[in-house]
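Data block below; observations after.
In this chain, residues are counted from 1 in sequence order. Every number for a ligand or one of its atoms is a count from 1 in the order of the listing.
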Amino acid sequence: MLIGCHLTISKGYEEAAKQALEVGANIFQFFSRNPRGYASKDLDMEDVEAMNRILKDNNFGPLLAHAPYILNFASHKPRIYGMAKGILAEDYQRLNDISIPYCTFHPGNHVGKGAEYGIERIVDALNEVITGTETTILLLETMAGQGTEIGYKFEELAAIIKGVEHNELLGVCFDTCHVYSAGYDIVNDLDGVLEEFDKIVGIDRLKAIHLNDSKMELNSRKDRHARIGEGTIGLEAILNIIAHPSLKGLPFYLETPNELGGYREEIELLKAAII
Ligand code: FE
Ligand code: FE
Ligand code: ZN
């Protein structure tokens with residue numbers, strides 16, 4: 001099984017790969033740059049190569065980058081919109097340069113302008129960022145629907161994908177906490193939710209899972225992650241998710257509130273359950 005967690009690359013890529021080994025992961029997620037600020041580090045190719053050796057020697061699966069949360073690709077404000085596009089374009093380029101297979105991002109917030117307007121803005125932004133020569137796949141993350149978030153309905157994700165010219169470079173990252181908060185009952189009707197996803201978006205678009213429990217109820221539209229088995233989704237439903245025939249081969253990235261020790265425990269628990 002492909003299982004890992006979110007790790008920091010503040011001490012470099014090689015250090016992150018070592019941390020992944022320490023927690024028993026064979027994949028990991030990292031921020032494409034400091035999530036709260038805008039500074040991006042220049043690439044240290046020696047560091048990247050050192051990481052790649054570790055990944056190869058230990059049969060790692062695909063790494064997933066996460067674009068900064070603060071970017072809003074649906075904004076009507078030229079400065080915010082321009083900054084979002086500029087930063088994604090820069091990070092996307094860098095991730096392509098080091099052959100990272102996936103980069104997930106939060107589609108955006110329409111801040112009162114309406115979902116239709118927001119979707120149009122997101123489509124236009126992606127049509128600028130994706131030139132068609134890239135290899136890194138950009139993943140739209142399924143959102144909880146907090147505030148004016150776009151992408152909490154499968155129809156919205158499908159509409160974005162449909163509008164993007166080079167949508168062969170687009171996929172979806174399915175966040176279990178977000179999807180549940182958005183009102184999709186993955187606890188009592190996982191089959192039904194995945195069938196709906198397949199009908200509206202297409203199951204082939206699904207490239208990665210953010211495996212999180214939730215502190216909030218179904219349809220709460222609130223984004224609060226919980227540790228595995230300690231939330232409203234619960235261990236049984238989480239185990240059904242990782243074993244589901246439509247999801248089984250996908251990479252599962254934990255974004256649970258944990259230090260490294262907590263991640264190690266959760267990864268151990270999940271690996272033991274699947275064998
Ligand atoms: Fe996210
Ligand atoms: Fe997530
Ligand atoms: Zn979240």
- prompt: Would you say Thr142's side chain and Asp175's backbone share a donor-acceptor pair under 3.5 angstrom?
  reply: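 Indeed, once roles are kept as given, a pair shorter than 3.5 Å links the two residues.
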Backbone of Ser75 reached by a side-chain donor or acceptor of Arg121 within 3.5 Å: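 Yes, because the side chain of Arg121 sits within donor-acceptor range (under 3.5 Å) of the backbone of Ser75.
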field: Ion pair Arg221/Glu149, N-O distance below 4.0 Å
entry: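 Here Arg221 does not pair with Glu149 in a salt bridge, since their nearest N and O are not under 4.0 Å apart.
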- request: Could you tell me whether Arg33 and Glu90 make a salt bridge, using a distance below 4.0 angstrom between a side-chain N and a carboxylate O?
  value: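 Yes, this pair counts.
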message: Tell me which N, O or S atom from Glu255 is the closest to the Fe ion (ligand 2).
response: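 Sorting the N, O and S atoms of Glu255 by distance to the Fe ion (ligand 2) puts OE1 first.
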message: If I take atom CE from residue Met1 and atom NZ from residue Lys248, how far apart are they, to the nearest 0.5 angstrom?
response: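 Between atom CE of Met1 and atom NZ of Lys248 there are 11.5 Å.
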query: So, Asp223 and the Zn ion (ligand 3): N/O/S under 2.8 Å, yes or no?
result: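 Asp223 does place an N, O or S atom closer than 2.8 Å to the Zn ion (ligand 3).
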query: Does the shortest distance from the Zn ion (ligand 3) to an N/O/S atom of Cys177 fall below 2.8 Å?
result: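 Given the 2.8 Å cut-off, Cys177 does not count as a ligand of the Zn ion (ligand 3).
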- prompt: Is any N, O or S atom of Glu141 under 2.8 Å away from the Fe ion (ligand 1)?
  reply: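 Within the cut-off used here (under 2.8 Å), Glu141 does place an N, O or S atom near the Fe ion (ligand 1).
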task: Would you give the angle at the Fe ion (ligand 2) between Asp175 atom OD2 and His210 atom ND1, to the nearest 10°?
output: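 Nearest ten degrees: 100°.
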field: Backbone or side-chain N/O/S of His178 under 2.8 Å of the Fe ion (ligand 2)
entry: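 Checking His178: none of its N, O or S atoms is under 2.8 Å.
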- request: Kindly report the NE2-the Zn ion (ligand 3)-NE2 angle for His178 and His225 respectively, rounded to 10°.
  value: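 Angle NE2(His178)-the Zn ion (ligand 3)-NE2(His225): 110°, rounded to 10°.
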- prompt: In His66, what N, O or S atom is nearest to the Fe ion (ligand 1), if we give its atom name?
  reply: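 For His66, the N, O or S atom at the smallest distance from the Fe ion (ligand 1) is NE2.
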query: Below 6.0 angstrom between ring centroids: does that apply to Phe30 and Tyr13?
result: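 Yes: the rings meet the under 6.0 Å criterion.
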